[in-house]
Number of protein chains: 2
Amino acid sequence: MTSERQPGPRGRLDREQILRTAVGLADESGTASLTMRALADRLGVEAMSLYHHVPGKEAILDGMVDTVFARIALPPPGLPWKTAMRQRAHAVRAALRDHPWALGLMESRADPGPATLRHHDAVLGCLRGAGFSLPMAAHAFSLLDSYLYGFLLQELNLPFDGAGELDTVADGILRDMPAGAYPHLTELITGHALLPGYAYADEFAFGLDLILDALERAVDAEQV
Amino acid sequence: MTSERQPGPRGRLDREQILRTAVGLADESGTASLTMRALADRLGVEAMSLYHHVPGKEAILDGMVDTVFARIALPPPGLPWKTAMRQRAHAVRAALRDHPWALGLMESRADPGPATLRHHDAVLGCLRGAGFSLPMAAHAFSLLDSYLYGFLLQELNLPFDGAGELDTVADGILRDMPAGAYPHLTELITGHALLPGYAYADEFAFGLDLILDALERAVDAEQV
DNA sequence: TTGACGGCCTTACGCCGTAAGCCTAGCTTC
DNA sequence: GAAGCTAGGCTTACGGCGTAAGGCCGTCAA
């Protein structure tokens, strides 16, 4: 697994393979340990060799984000817009949970790649096709993406992975808190979040459906 | 402005001043150029001296986030919850626009500081005081923060600051696009976003009010 | 056979965070 | 005052980072 490159005669390295390997490396150990040297090493090559295929590390990070978007299914056509947008939101969420570093890269990265553009174009196309006016499509686009990325921002930073670890972590947090200093947070954790059956991940669907329903009302009001 | 420390006899350096200077440095030139050496330099001190007051750079970044939260007004009590939550959302947004690096630091930073905890406790207190059940308060809390952070994530990454620059940037983007490859994005930009009077910042209020109204309906339905 | 060239390697530079240890101002204690 | 302690600075050094500059050689066209 240390070398993903066949040690063939020559020129077996290219931009695609570099990006694929970089994504794999980030998946395993995070962006912090994604260095030019580590990446080159996994490709069985020296760090400076990468610069013959890529202008610099920034370009690799740009490409990685677009690679993730390329793997996300586009909103399926032919479905009611709410269904399509719901499926699309869950698809993006699944992809960014598979590649938790991607959200962090999206911020601070200026220009989007072709897969990213195609994805967002398809989202807009779905809304427009369902009768959204241009201003209303802009509203919905901004709102849905904001909720999606914001939820992921919080979900990915939770200091635990599954439901099992929740109580341990929460216990630690509660112990660190000055007793009674944050009564409502304490109440929420002990009286709700720690109860069996609660998982923060479930909040996603609630908010998403609430937003979709509200958007539907807004579109209906507009079309009257 | 290069030294914010009086060169007094001794011990004029402390955690508070280090954090304040770090925030100032990040405001001016971003987190990328916030290095221990640059920070120490501005304080008129050598890099290693900082380690007598702070365990390491991570602790400084933690402290900076909490410093920003400390400057955000808590949701004002005595107001209807929708008004309080709206004001609070705009207050957070204003603060994170003043310190654009803060959102990036929040992600990847595990344990929140006291000001952050107090802020979120106050938000929860507002909702609970308005009659939100514990589960509904959790829903609203997650939804509002997700939208807030997600919108900021997008707004802060826009490659321009004011309305004036928009057309220049958009022109460049459109020129880079293969003609006709992204029809709906093109339509949105040329037929809406570039029109005079459009500003992405205005989308914030639309989404926020839509969410607040939808939450109000959800609470009313719950209380019946 | 030869020449050019593309693709990888070597070396080196100036950054970074920080471990380890020194130096001394200023206080505490007689 | 003198002695001694200690907190809070400073110096030095280490390993790792991204990448500029240039060398070396396998491959292929003429």
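Naming convention: chains lettered A, B, ... in sequence-line order (proteins, then strands); numbering from 1 in each chain.
Residues forming a salt bridge (Lys or Arg N to Asp or Glu O under 4.0 Å) with B:Asp62 (at least two apart in sequence, or on another chain): B:Arg109. Annotation: salt bridge (Lys or Arg N to Asp or Glu O under 4.0 Å) contacts of A:Glu203 (sequence neighbours excluded): none. With sequence neighbours excluded, the residues that form a ring-ring contact (aromatic ring centres under 6.0 Å, His included) with B:His192 are B:Tyr198. Annotation: salt bridge (Lys or Arg N to Asp or Glu O under 4.0 Å) contacts of A:Asp145 (sequence neighbours excluded): A:Arg88. Applying the salt bridge (Lys or Arg N to Asp or Glu O under 4.0 Å) test to B:Glu107 and every residue at least two apart in sequence or in another chain returns nothing.
Between the CD atom of A:Glu46 and the C1' atom of D:dC17 there is a distance of 15 Å, rounded to whole Å. The CG-P distance, from B:Leu13 to C:dA25, rounds to 18 Å in whole Å. Rounded to whole Å, the distance from NE2 on A:His53 to P on D:dT19 is 16 Å. In this structure, B:Leu50 places its CG atom 18 Å from P of D:dA7, rounding to the nearest Å.
A cation-pi arrangement is found for A:Arg93 relative to A:Phe204, the charged atom lying closer than 6.0 Å to the ring centre and inside a 45° cone about the ring normal.
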Tabulate protein N/O versus nucleotide N/O from nucleotides 14-20 of chain C, keeping only pairs under 3.5 Å, one per line.
{"from": "C:dC16", "atom 1": "OP1", "to": "B:Thr35", "atom 2": "OG1", "distance (Å)": "3.2"}
{"from": "C:dG17", "atom 1": "OP1", "to": "B:Met36", "atom 2": "N", "distance (Å)": "3.4"}
{"from": "C:dG17", "atom 1": "OP1", "to": "B:Lys57", "atom 2": "NZ", "distance (Å)": "2.8"}
{"from": "C:dG17", "atom 1": "OP2", "to": "B:Met36", "atom 2": "N", "distance (Å)": "2.9"}
{"from": "C:dG17", "atom 1": "N7", "to": "B:Arg37", "atom 2": "NH2", "distance (Å)": "2.5"}
{"from": "C:dG17", "atom 1": "O6", "to": "B:Arg37", "atom 2": "NH2", "distance (Å)": "2.8"}
{"from": "C:dT18", "atom 1": "OP2", "to": "B:Tyr51", "atom 2": "OH", "distance (Å)": "2.6"}
{"from": "C:dT18", "atom 1": "OP2", "to": "B:Lys57", "atom 2": "N", "distance (Å)": "3.0"}
{"from": "C:dT18", "atom 1": "O5'", "to": "B:Tyr51", "atom 2": "OH", "distance (Å)": "3.1"}

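Taking 4.0 angstrom as the limit, B:Ser49 places a side-chain polar atom (N or O) nearer than this to OP1 or OP2 of D:dC10. The side chain of B:His52 contributes no N or O atom lying less than 4.0 Å from OP1 or OP2 of D:dC10.
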